[in-house]
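These figures come from a predicted structure and were not determined experimentally. To find a chain, count down the sequence lines: A is the first, B the second, and so on, and within it residues start at 1.
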Amino acid sequence: MLFKKNEFITQVSALLLIVLSSYTAMNKLIYQDRFAFQLQLIPWSVITKNASLIGISIPLIQLTIALMLCFGRYRLFGLLGALILLSVFEIYLITLIWNYENLPCSCGGISAHLNWTSHIIINAILITTSAYVIWRNYGLKLLNSVYYKRKTS
Amino acid sequence: MRRKINPLIIAMIIANLSPLAFKIFDSPNKTTDQYIWVHYDRNGVKVLNAGMINSLAKVKKDVFCIEKE
């Protein structure tokens, strides 16, 4: 029963992350020039100088993560990738909002209609979910294997 | 034996195709409207009212013009 509940949570989280990553990645690819331009408006020279490169690489990374999440064998890497990407985005959002006002939103589709606070909240929920799934499915297994290795040796 | 299709792959394909579908069905006459936006600076002052922009080259040109001013 516990396994089934775990499996259900993993599948739902994977589904959520897949839909979010794929949808936003495709939006960014479709409106690539707009996304790159909005990146150029961000007041960080590292981003503005490499706007075109970042504009292509972010959606490609998102699509790779979504693809990895589809397959059980690569799901851990997909979850880790999503966790890292979401965390970087969360830090970036908080830093920008903390320092600047009226920033351009480079999100695509439905997420473009959210305000910054909603963005941060949704991101935080997704970070927590992916971290929980990683810990629940892989962290405990890793701890168990380390524990049994020690016990047998 | 029939092979079971991974439902997550189906979800991914649908999520990938939905922005395309929205682009095609939602705005058949608004293709140029997609590129209209206004940017405000940190004091809330409008610094860019780009108008209709169809390519990144035009956008860069506009930004350059504004920076020159």
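- Under a hydrophobic clustering in which Ile, Leu, Val, Met, Phe, Trp and Tyr are joined whenever their side-chain heavy atoms come within less than 4.5 Å, directly or via other members, I125(A) and Y132(A) fall into different clusters.
- Looking at L29(A), neither its backbone nor its side chain comes within 4.5 Å of chain B, counting heavy atoms on both sides.
- The contact between L20(B) and chain A is made by backbone and side chain atoms together, counting heavy-atom distances below 4.5 Å.
- Of the two parts of N16(B), the backbone and the side chain both hold a non-hydrogen atom closer than 4.5 Å to a non-hydrogen atom of chain A.
- Between atom CG of residue L69(A) and atom CE of residue M12(B) there is a gap of 9.0 Å, rounded to the nearest 0.5 Å.
- Other members of the cluster containing I10(B) are I5(B), I14(B), with ILVMFWY side chains joined at under 4.5 Å, either directly or via other members.
- Hydrophobic cluster membership is shared by I9(B) and L17(B), with clusters built from Ile, Leu, Val, Met, Phe, Trp and Tyr side chains linked at under 4.5 angstrom.
- Annotation for C70(A) and L8(B): closest pair SG-O, 3.7 Å, computed over non-hydrogen atoms.
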Show me the donor-acceptor pairs within less than 3.5 Å that the side chains of residues 11-21 of chain A make with the rest of the protein, sequence neighbours left out.
from: Q11(A); atom 1: NE2; to: E7(A); atom 2: OE2; distance (Å): 3.1
from: S13(A); atom 1: OG; to: I9(A); atom 2: O; distance (Å): 2.7
from: S21(A); atom 1: OG; to: L17(A); atom 2: O; distance (Å): 2.8

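- Heavy-atom minimum distance, Y23(A) versus S18(B): CD1-OG, 3.3 Å.
- M68(A) and I84(A) fall into different hydrophobic clusters, defined by Ile, Leu, Val, Met, Phe, Trp and Tyr side-chain heavy atoms under 4.5 Å apart, directly or through other members.
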